[in-house]
Trainee: 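Before I ask anything, here is the structure I am working with.
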Amino acid sequence: MTLADFPLIATLAMVCWAAGSILRFASRRFPALRIPSYLVMVAGTVLLGWFIAAYWVALERPPLRTLGETRLWYAALIPVVGFLVEYRWKVGWLKYYCMSLAAFFLVINLSTPDVFDKALMPALQSVWFIPHVVVYLIGYVLLAASSAAAWHNIFTGLRSQTDHQDFSLSHYLALLGFVLLTFGLVFGALWAKEAWGHYWTWDPKETWAFISWLAYLGYLHLSANKTGSGRLQWYLALSFLVLLVCWFGVNYLPSAQNSVHSYQPN
Amino acid sequence: MSKVSCGWFEDVRSFRLSSIVTLLVVSTGFAIQYLAGGVGVPVLSWPFNGVFLAVFAALLVLLGVAFRNKPFVVWLGGIPLGLSLIFGIAFLSLLGGVIPQGGMTGASLPARLGLNRIFSGWPFLLTVLLFLSNLGLSVVWKTIPFRPSNLQFMLFHGGFWIALAAGLAGAPDLQRLIIPVYEGRQNSRAYIPEENRMVQLPFSVYLDDFSIEEYSPQLVLYDPGSDRVIPGKSGSVAEVGKGYRAVWPGFEVKVLEYLGHALPDSSGNPRPADPENGIPYARVRISAAGKSVDRWLNTGSPSVRPGVVQLGRYFLVMFPGTPKVFRSGVVLSGSRGRKPAILEVNKPVEFDGWKLYQMGYDEKAGRWSQLSLIEAVRDPWLPAVYCGFFMIMAGNAMFFWKGMKRGGSV
């Protein structure tokens, strides 16, 4: 499996998510369509998961190095959060936001194709590579879902339709996301000590990871201090922008010129 | 950070006061920095940093226990101040995350304000010091008297306090030295980049062998006019090898034969050679407008001229692959005897209280480098910082568990 197959797989995944969503809406009239609708939606994610596994084998390294590769994981994982939230908490609307976000990231990958590159620089050849990046990715996925839930709550709040359960959903997704962000940060520090000699050097990526962590630390303390739910939804909705800067934006900042965290091919 | 009262609106005065104090602390930091002419905070090394930290911690315990109900102490350890300081630290980090650090010199305003050295400047130090007071008091309150239900709070907040305090207080005791050593030679002197001077080490490093393994070479078109490299479209086969095909507008190149390690014989034809000395060779067929020609390409070495093909104003070039592994076979000698070791990136070696890292090599010489750069690091405060890290992770795992349990009732 190489990147030549990616456009087909990505398109098929998006078609599955779209078709599944349409079937799900249709199932309100025709209940027999309910199960097939879920099967089609999940098939899109399974397809993407299968592509990642096959691509991993072809690359002979974990596809977790470039931004494009992390977007691929992201696109595969975020609908899983949507499905799990519905399975566990019976909240159905989140999965549509999640599939839309996943499709958005696939479209970015389709418009800026990666180069098939097996090279894994020595700094990344470590037992910490997979746990550090995967923990961060799942953290980002949960916080993206939390942000999506917060936007949903803001819009429904404007129409006075938000219930308590919807507020709790964005809160718990943020809480779990924060936990993973913390693990990612500490794993990164322990890895940096082994790779670069020091656990913290205020490299721009580290600084932005710290800022993102502080943003969610601030959220948890605002929440513990019983700040109003409406304000907190805005806070959560916008906090994700800080994560996006940490993930992509940091490469475009003037401070990034000396970053050791740039793994894009030259 | 413990709560002083319920609700955003009831706390608004406390929040206002906390925000004003945070703003004042940050501004005072910038004022001191400006008046000091951009010079950073004077550093305290061992034992003074240890004494300072011990006195600071003891004061916090005393304040937290003996003056627990005093309004000032309640405010000092409360959530409103904690939140304001979190945002204050985030703001300073934002400056440090946007403005290139360490680059500026001279008497410009940003340099005098220390914007190029945010994390070692007065505003950051003062804000973190107040934050440590706030965090420390909250930990004292949750620890004395001890309740098992507070364990998660104690581990997470206490771990954060220890890691942050030990990391900052211990920074002056951190030693990071670069040992340049050539193959077949020994060195016991190291370079301190920040101070631009050499120092004598308590041990020596003998470099027995330095080697680099590379990924497959890349076939590219080089435009000397614009000094630009144009990669071709290579379809599904990604590695240069027999059968590799790459296409550029107007022509295509196919690899007919590939030798990973070869050297030229007396007539210039490549013959297989050992991996230590051999270089990659590829016989390629270049086809354009129905005509084709076969040529040998090679990546070149100090003793072999790179084999390239001129195509109009371009050159078809085979670039060496990026480094896969670089390692130094060394013998370390010190007061505790001799120790042979292999240094690789991500595989440091401990010796005489120092940790040695494979840092770099002569990048211009690439895999022919005779020079290895080894970094020697000594950080006596590391166990304390790691203790903080592991407490954070333990508290974090408990937080996750509590979150999952509570989340069941969303």
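Below, each value reflects all heavy atoms present in this structure, side chains not excepted, and no hydrogens, waters or symmetry copies. Chain naming here is simple, since letters A, B, ... match the order of the sequence lines and numbering starts at 1 in each.
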Trainee: Mark yes or no for whether A/Trp208, through its side chain, and B/Gly97, through its backbone, hold a donor-acceptor pair below 3.5 Å.
Mentor: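 Yes: the side chain of A/Trp208 pairs with the backbone of B/Gly97.
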Trainee: Is chain A contacted by the side chain of B/Leu382, its backbone, both, or neither, given a heavy-atom distance below 4.5 Å?
Mentor: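 It is the side chain, since no backbone atom gets that close.
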Trainee: Heavy-atom count around A/Phe248 CZ within 6.0 Å, excluding the residue itself: above 12?
Mentor: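 Yes.
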Trainee: Is it the backbone or the side chain of A/Lys193 that comes under 4.5 Å from a heavy atom of chain B, or both, or neither?
Mentor: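 Both backbone and side chain.
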Trainee: Heavy-atom distances under 4.5 Å only: say whether B/Ile89 touches chain A with side chain, backbone, both or neither.
Mentor: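 For B/Ile89, heavy atoms of backbone and side chain both lie under 4.5 Å from chain A.
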Trainee: How far apart are the closest heavy atoms of B/Lys324 and A/Gln125, and which atoms are they?
Mentor: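 Looking at all heavy atoms of both residues, the shortest contact is O-NE2, 2.8 Å.
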Trainee: Please check if the number of heavy atoms outside A/Trp56 that lie under 6.0 Å from its CH2 is greater than 12.
Mentor: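 Above 12, so yes.
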Trainee: If only atom types and distance count, is the side chain of B/Tyr215 paired as donor or acceptor with the main-chain N or O of A/Met121 below 3.5 Å?
Mentor: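 No, the answer is negative, given that no donor and acceptor are paired below the 3.5 Å cut-off.
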Trainee: Can you name the closest pair of heavy atoms from A/Pro254 and B/Pro100 and give their distance?
Mentor: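 Result for this residue pair: O-CG, 3.5 Å.
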Trainee: Select one option (side chain, backbone, both, neither) describing which atoms of A/Leu173 are under 4.5 Å from chain B's heavy atoms.
Mentor: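 For A/Leu173, no heavy atom lies under 4.5 Å from chain B.
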Trainee: Using non-hydrogen atoms only, which part of B/Ala397 is less than 4.5 Å away from chain A: side chain, backbone, both, or neither?
Mentor: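 Its backbone and side chain both get close to chain A.
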Trainee: Taking atom NE2 of A/His221 and atom CG of B/Leu85, what is their separation to the nearest 0.5 Å?
Mentor: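 It is 11.5 Å, given to the nearest 0.5 Å.
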Trainee: Quick one: CG on B/Leu164 to CH2 on A/Trp200, what's the gap to the nearest 0.5 Å?
Mentor: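 CH2 of A/Trp200 is found 10.5 Å from CG of B/Leu164.
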Trainee: In terms of the angle between their ring planes, are B/Phe156 and A/Phe178 parallel, tilted or perpendicular, with boundaries placed at 30° and 60°?
Mentor: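 If you compare the ring of B/Phe156 with that of A/Phe178, the planes turn out tilted.
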Trainee: Between B/Asn346 and A/Trp191, is there a side-chain donor-acceptor contact under 3.5 Å, judged purely by atom types and distance?
Mentor: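 A donor-acceptor contact under 3.5 Å links the two side chains.
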Trainee: Would you give the length of the straight line joining atom OG1 of A/Thr201 to atom CZ of B/Arg176, rounded to the nearest 0.5 angstrom?
Mentor: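 The CZ atom of B/Arg176 is 7.0 Å from OG1 of A/Thr201, to the nearest 0.5 Å.
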Trainee: So, taking the atom named CG in A/Leu222 and the one named CG in B/Leu83, what distance separates them when rounded to the nearest 0.5 Å?
Mentor: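 A/Leu222 CG to B/Leu83 CG: 4.5 Å, rounded to 0.5 Å.
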Trainee: Calculate, to the nearest 0.5 Å, the distance between atoms CZ and CD1 belonging to A/Phe183 and B/Ile392 respectively.
Mentor: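 Reported to 0.5 Å precision, the distance equals 10.5 Å.
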Trainee: Assign the ring pair B/Phe87 / A/Tyr235 to parallel, tilted or perpendicular, where the plane angle (0 to 90°) is split at 30° and 60°.
Mentor: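 If you compare the ring of B/Phe87 with that of A/Tyr235, the planes turn out tilted.
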Trainee: Side chain, backbone, both or neither: which part of A/Leu120 has an atom under 4.5 Å from a heavy atom of chain B?
Mentor: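 It is both, since atoms from each part get that close.
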Trainee: Going by heavy atoms in the side chains, are A/Leu220 and B/Phe399 under 4.5 Å from each other?
Mentor: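 Yes, side chains in contact.
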